[in-house]
Amino acid sequence: MSASTLKPPVRVAVTGAAGQIGYALLFRIAAGDMLGPDQPVILHLLEITPALPAAQGVVMELNDCAFPLLAGVVTTDDPNVAFSDVDFALLVGARPRGPGMERKDLLEANGAIFGPQGRALNKHAKRDVKVLVVGNPANTNALIAQANAPDLDPRCFTAMMRLDHNRALSLLAEQTDTHSTGVKKVTIWGNHSATQYPDISQATIDGTPAAQKIGRDWYETTFIPTVQQRGAAIIKARGASSAASAASAAIDHMRNWALGTADGDWVSMGIPSDGSYGIDAGLIYGFPVTCSGGTYTIVPNLPVDDFSRRLMDATADELRGERDAVKALLG
Ligand SMILES: NC(=O)c1ccc[n+]([C@@H]2O[C@H](COP(=O)([O-])OP(=O)(O)OC[C@H]3O[C@@H](n4cnc5c(N)ncnc54)[C@H](O)[C@@H]3O)[C@@H](O)[C@H]2O)c1
Ligand SMILES: O=C(O)C[C@H](O)C(=O)O
């Protein structure tokens, strides 16, 4: 692409830039996977002070790739610098869980990171900044950041459900011997946790309702728990939490938010509830959404049967409990 067909650069902040997700994410953003082949980016990397030398090493490697779309890199340990004028912010920097832990066990250690970052975004980011929280527990960390950014539209803050969504697509494709691109209209409701509800009641597989292709028993006893527990299974297998697949999901989430979703399908995003589907307004909850023109819209009027209602309410209950546990951090 010639320089004259490129858009003006946008600023993309990534926190935890020296971590394992950061390492899988930054090169793909700089290659244009997130915002397209005509969109130059200036990366703003935030790390804690002791990790700055490692972050500098990542910058050396970014430079060594000579990416045509990389228009600059800012590296800092100061959120006020990192979030200055940013159009996008991917909040990854936080502790990962180890074996035997649930993601909410990280609330105390990680919750404290997101208040100051919310305040810095409030002061310095573009007013239409798109924020994706990846650091766990992602939904409640997004709530903390949002609560500390009262001058930004609350809808600027989202949490990542896309890894769960992609896991569900892939598992359904494997089970029905097709490709994940043939699987549409899957929803991950609720929390990015073991209570999430991977719902295939509206899903189609190669155009046929999923319920006609897979048995109810496999759905309830294998599919749902496998998607819910996939993060723990990766930790067990790798000895470290998912990184490349998490980075890929973050790219997918931001690309769809910025550039739109495909006709005839939707994606799952953790977004502030507007009360749709009986979910308390304000909770950062996974919903089915379509995106267009840089905004997301909850898919309306889907039927909810008793089975779905029970699982949607259970994951909302967990989010309410997490919100109550961090009351002191909510500004
Ligand atoms: N939402 C999801 O689907 C999903 C998927 C995978 C991992 N995660 C979560 O993402 C987070 C990061 O995972 P990882 O594997 O990259 O961990 P990691 O330990 O490899 O990297 C985390 C990085 O964040 C940095 N960091 C810590 N505090 C920071 C702060 N205040 N500001 C900036 N940087 C800071 C650390 O120095 C470290 O370099 C974890 O909380 C993990 O559980 C979420
Ligand atoms: O499971 C984890 O702790 C990491 C991440 O949230 C995942 O789902 O892989």
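First listed ligand is number 1; within each ligand, the first listed atom is number 1. Keep in mind it's a predicted model, so treat the numbers as computed, not measured.
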Exercise. Would you call the rings of Phe307 and Tyr197 parallel, tilted or perpendicular, where under 30° means parallel and over 60° means perpendicular?
Worked result: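 If you compare the ring of Phe307 with that of Tyr197, the planes turn out perpendicular.
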Exercise. Quick one: are the ring centres of Trp189 and Tyr277 less than 6.0 Å apart?
Worked result: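 Here the rings of Tyr277 and Trp189 have centres that are less than 6.0 Å from each other.
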Exercise. What atoms of ligand 1 come within less than 4.0 Å of a heavy atom belonging to Ile113?
Worked result: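 Listed by number with element: 28 (N), 31 (N).
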For this session: May I have the step-by-step check of side-chain hydrogen bond (donor to acceptor under 3.5 Å, both in side chains) for His192 and Asn139, ending in yes or no?
Result: CA-CA 7 Å; His192 173 65; Asn139 304 52; over 6 Å; no
Nearest-contact summary for [atom] - protein heavy atom, Å:
| atom | result |
| --- | --- |
| atom 22 (C) of ligand 1 | Ala94 O, 3.5 Å |
| atom 32 (N) of ligand 1 | Gln117 NE2, 3.4 Å |
| atom 3 (O) of ligand 2 | Arg97 NE, 2.5 Å |
| atom 37 (O) of ligand 1 | Glu47 OE1, 2.8 Å |
| atom 29 (C) of ligand 1 | Ile48 CG2, 3.5 Å |
| atom 44 (C) of ligand 1 | Val134 O, 2.8 Å |

For this session: Looking only at non-hydrogen atoms, find the nearest pair between Thr5 and Asp38 and report the distance.
Result: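 Where Thr5 meets Asp38 most closely, the heavy atoms are O-CB, 4.1 Å.
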Problem set entry | Nearest heavy atoms of Ala232 and Arg97, plus distance in Å |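 Closest approach of Ala232 to Arg97, heavy atoms only: N-NH2, 3.4 Å.
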Exercise. Just by distance, do the side chain of Thr176 and the backbone of Leu172 share a donor-acceptor pair under 3.5 Å?
Worked result: yes
Exercise. Heavy atom under 4.0 Å from ligand 2: found in Ile235's side chain, backbone, both, or neither?
Worked result: side chain
Exercise. Which of the numbered atoms in ligand 2 are below 4.0 angstrom from a heavy atom of Gly231?
Worked result: 1 (O), 7 (C), 8 (O), 9 (O)
Problem set entry | In one Ile/Leu/Val/Met/Phe/Trp/Tyr side-chain cluster, 4.5 Å: Tyr285, Val299 | yes
Of the choices [options], which has the non-hydrogen atom that lies closest to [atom]?
| atom | options | answer |
| --- | --- | --- |
| atom 7 (C) of ligand 2 | Gln229, Arg167, Arg238 | Arg167 |
| atom 9 (C) of ligand 1 | Asn136, Asn166, Val14, Val92 | Asn136 |
| atom 17 (O) of ligand 1 | Pro96, Gly19, Ala18 | Pro96 |
| atom 8 (O) of ligand 2 | Met101, Gln196, Arg103, Arg230 | Arg103 |

Problem set entry | Short N or O distance, Gln20 and ligand 1, threshold 3.5 Å exclusive | yes
Problem set entry | Contact (N/O only, under 3.5 Å) between Ile21 and ligand 1 |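 Yes; the residue has a nitrogen or oxygen that sits under 3.5 Å from a nitrogen or oxygen of the ligand.
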Exercise. Backbone or side chain, does any N or O of Ser241 fall under 3.5 Å from an N or O of ligand 2?
Worked result: no
For this session: Please say whether His192 places an N or O atom under 3.5 Å from an N or O atom belonging to ligand 2.
Result: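 So ligand 2 has an N or O lying under 3.5 Å from an N or O of His192.
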Exercise. Quick one: does Ala243 get within less than 4.0 Å of ligand 1, heavy atoms only?
Worked result: no
For this session: Would you please determine whether Arg103 falls within less than 4.0 Å of ligand 1 on a heavy-atom basis?
Result: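 No, Arg103 has no heavy atoms under 4.0 Å from ligand 1.
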More than 12 foreign heavy atoms under 6.0 Å from [atom1] of [X]: is that the case here?
| X | atom1 | value |
| --- | --- | --- |
| Asp263 | CG | no |
| Asp177 | CG | no |
| Arg230 | CZ | no |
| Glu174 | CD | no |
| Arg255 | CZ | yes |

Exercise. Applying a 4.0 Å heavy-atom criterion (strictly less than), which segment of Arg162 is in contact with ligand 1: side chain, backbone, both, or neither?
Worked result: neither
Exercise. Heavy-atom contacts under 4.0 Å between His192 and ligand 1: side chain, backbone, both, or neither?
Worked result: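 Within the 4.0 Å criterion, His192 contacts ligand 1 through side-chain atoms alone.
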Exercise. Does Met161 come within less than 4.0 Å of ligand 2, judged by its heavy atoms?
Worked result: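 No; Met161 lies far enough from ligand 2 that no heavy-atom distance drops under 4.0 Å.
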For this session: Run the contact test for Asn136 against ligand 2 with a 4.0 Å cut-off on heavy atoms, strictly below, and give the result.
Result: yes
Exercise. Who else is in Val86's hydrophobic cluster (ILVMFWY, side-chain heavy atoms under 4.5 Å, direct or via others)?
Worked result: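 Once heavy-atom contacts under 4.5 Å are chained together, Val86 belongs with Leu46, Phe83, Leu91, Leu107, Ile113, Phe114, Leu121, Val129, Val131, Val133, Leu143, Ile144, Leu152, Phe157, Ile284, Val326, Leu329, Leu330.
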For this session: Applying salt bridge (charged side-chain N to carboxylate O under 4.0 Å, His left out), run through Asp313 and Arg309 and close with a yes or a no.
Result: CA-CA 6 Å; Asp313 288 346; Arg309 185 76 263 161; 3.0 Å; yes
